[in-house]
Amino acid sequence: MRTSRTAIRNLIDIVGSAINAAGAVEGNRAPRGNDLRRLGIDPVEFAKIRRI
């Protein structure tokens, strides 16, 4: 039972980070490093990406 709750909590955290990062990018802001790391994205490398 505890494992199920932990898995659900982790999923919710990941989805929340994805929503936060997407909203930041949509608003022309840099996403928080914590959100990017939770999604498996290196914040330093992400900052190198340029929009065309």
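For the numbers below, each heavy atom of this structure counts, side chains included, while hydrogens, waters and symmetry mates do not.
Residues meeting the side-chain contact (heavy atoms from CB on, under 4.5 Å) test with D42, sequence neighbours left out: V44, E45. Shown here are the salt bridge (charged side-chain N to carboxylate O under 4.0 Å, His left out) partners of R32, two or more places apart in sequence or in another chain: D35. Residues that satisfy the salt bridge (charged side-chain N to carboxylate O under 4.0 Å, His left out) test with R29, not counting sequence neighbours, are absent from this structure. Scanning for side-chain contact (heavy atoms from CB on, under 4.5 Å) contacts around I14 gives R38, L39, with sequence neighbours left out.
Contact check for P31 versus V25: side-chain heavy atoms found under the 4.5 Å cut-off.
Between I8 atom CD1 and T3 atom OG1 the span is 11.0 Å, to the nearest 0.5 Å.
Here the shortest heavy-atom pairing between P43 and L36 reads CA-CD1, 3.9 Å.
The salt bridge (Lys or Arg N to Asp or Glu O under 4.0 Å) analysis of residues 8-20, with sequence neighbours excluded, yields the pairs R9-D13. Applying the salt bridge (Lys or Arg N to Asp or Glu O under 4.0 Å) definition to pairs two or more places apart or across chains, none involves residues 15-27.
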